[in-house]
Asks: 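Provided herewith is a single structure, encoded as structure tokens, for subsequent inquiry.
Here the structure is a predicted model, which means the values were calculated and not measured. Both ligands and their constituent atoms are indexed starting at 1 by order of listing.
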Amino acid sequence: MSTLSPEVQVAIARVRDDVAALHAELVRYGLVVWTGGNISGRVPGADLFVIKPSGVGYHDLDPSSLILCTLDGDVVPDTPGSDRSPSSDTAAHAYVYRNMPEVGGVVHTHSTYATAWAARAEAIPCVITAMADEFGGEIPVGPFAIIGDDSIGRGIVETLAGHRSRAVLMRNHGPFTIGRDARDAVKAAVMLEDVARTVHIARQGGALVPIAPEAIDALFERYQNVYGQQPAAGAQ
Ligand SMILES: O=C(CO)[C@@H](O)[C@H](O)COP(=O)(O)O
């Protein structure tokens, strides 16, 4: 740890704080039960990321209990939390970071409605403007993969690389989301569960009405580049 520059050590501390606080958001939005699910955040300027320890209750997580890992998924020894095993999805998160350099955060949950679509291996069709805004189209399904090696990570990357969606429904397992940072990935997980529930309920009432592709493009462009408080021109 002492070999890391002061700048990287500051960055690590900031990611630890963010990722610890964001785990509470998964509980707040009802996306996880018991110790299911996990969040990681890439450390800017270093080949490192921070992830949840495996099987630890959300109320027992704090910045120092998270685990610092290399992009190979190896725990950095003699760092806070390194006495515990990292999340069982560490290999998947690491694979995403190695193969999608633009990704700064990864989230996994078993949120109910999104996982139900994953159990049917059915993509969520883009039939509400909230999906067009947030995901730019349908939510795709990724392959069935057993936890423990690069299989899940490879399935996430093969499905999402070049895709506008920041969410993938891993078949028979549940959702993984990505983002420019951990908070963006958590937002994708929250919005995914919301649209998964809405579209599920809508389909129970009758046939779904798709949105025209050109309308999806326009909605996605607006939401990503106009909606909310955009940075002032020239701001960093
Ligand atoms: O999906 C699974 C197990 O099937 C895991 O992702 C658990 O949901 C969380 O595992 P840890 O992060 O606590 O190891």
Asks: Flag the pair His108 / His93 as yes when their ring centroid distance falls below 6.0 Å, and as no otherwise.
Replies: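 Ring-ring flag for His108/His93: false, centres at least 6.0 Å apart.
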
Asks: For Thr90, run the side chain to side chain contact (heavy atoms under 4.5 Å, CB included) check against Asp72, Ile51, Val75 and tell me which one passes.
Replies: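 Of Asp72, Ile51, Val75, side chain to side chain contact (heavy atoms under 4.5 Å, CB included) with Thr90 is met by Ile51 alone.
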
Asks: Between Ile147 and ligand 1, is there a nitrogen or oxygen pair with a distance under 3.5 Å?
Replies: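 No.
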
Asks: Check ligand 1 against His108 and write out every atom of the ligand that is under 4.0 Å from a heavy-atom position of the residue.
Replies: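 Going through ligand 1 atom by atom, the ones under 4.0 Å from His108 are 1 (O), 6 (O).
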
Asks: So does Arg166 pair up with Asp184, basic N to acidic O under 4.0 Å?
Replies: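 Salt bridge present between Arg166 and Asp184.
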
Asks: Looking only at distance, does Gly55 have an N or O less than 3.5 Å from an N or O of ligand 1?
Replies: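 Indeed, backbone or side chain, Gly55 has an N or O that close.
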
Asks: Note the single closest protein heavy atom to atom 9 (C) of ligand 1, along with its residue, its atom name and the distance in Å.
Replies: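 So the nearest neighbour among protein heavy atoms is Gly37 N, 3.5 Å.
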
Asks: What residue and heavy atom of the protein are closest to atom 4 (O) of ligand 1, and at what distance?
Replies: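 For atom 4 (O) of ligand 1, the nearest protein heavy atom comes out as His173 NE2, 4.0 Å.
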
Asks: I'd like to know if Ile211 and Phe220 are part of one continuous hydrophobic network [Ile/Leu/Val/Met/Phe/Trp/Tyr, side-chain heavy atoms within less than 4.5 Å].
Replies: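 The answer is no; the residues belong to distinct hydrophobic clusters.
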
Asks: Any Lys/Arg nitrogen of Glu134 or Lys187 sitting under 4.0 Å from an Asp/Glu carboxylate oxygen of the other?
Replies: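 Judged by the 4.0 Å cut-off on N to carboxylate O distance, Glu134 and Lys187 do form a salt bridge.
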
Asks: State plainly whether the residues Arg171 and Glu122 are in salt-bridge range, i.e. N to O under 4.0 Å.
Replies: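 The answer is no: the pair does not qualify as a salt bridge.
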
Asks: Distance under 4.0 Å to a non-hydrogen atom of Ser88: what atoms of ligand 1 satisfy this?
Replies: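 Listed by number with element, the hits are 5 (C), 10 (O), 11 (P), 12 (O), 14 (O).
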
Asks: Given Lys52, Met170, His110, His93, which one has a non-hydrogen atom that is nearest to atom 2 (C) of ligand 1?
Replies: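 Residue with the shortest heavy-atom distance to the ligand atom: His110.
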
Asks: Return the closest protein heavy atom for atom 12 (O) of ligand 1 as residue, atom name and distance.
Replies: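 The closest one turns out to be Ser87 OG, 2.7 Å.
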
Asks: Out of Thr35, Asp89, Val33, indicate the one that has the non-hydrogen atom closest to atom 5 (C) of ligand 1.
Replies: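 Considering heavy atoms of Thr35, Asp89, Val33, the nearest to atom 5 (C) of ligand 1 sits in Asp89.
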
Asks: Hey, are Asp217 and Arg164 close enough for a salt bridge, meaning a charged N less than 4.0 Å from a carboxylate O?
Replies: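 Yes, this pair counts.
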
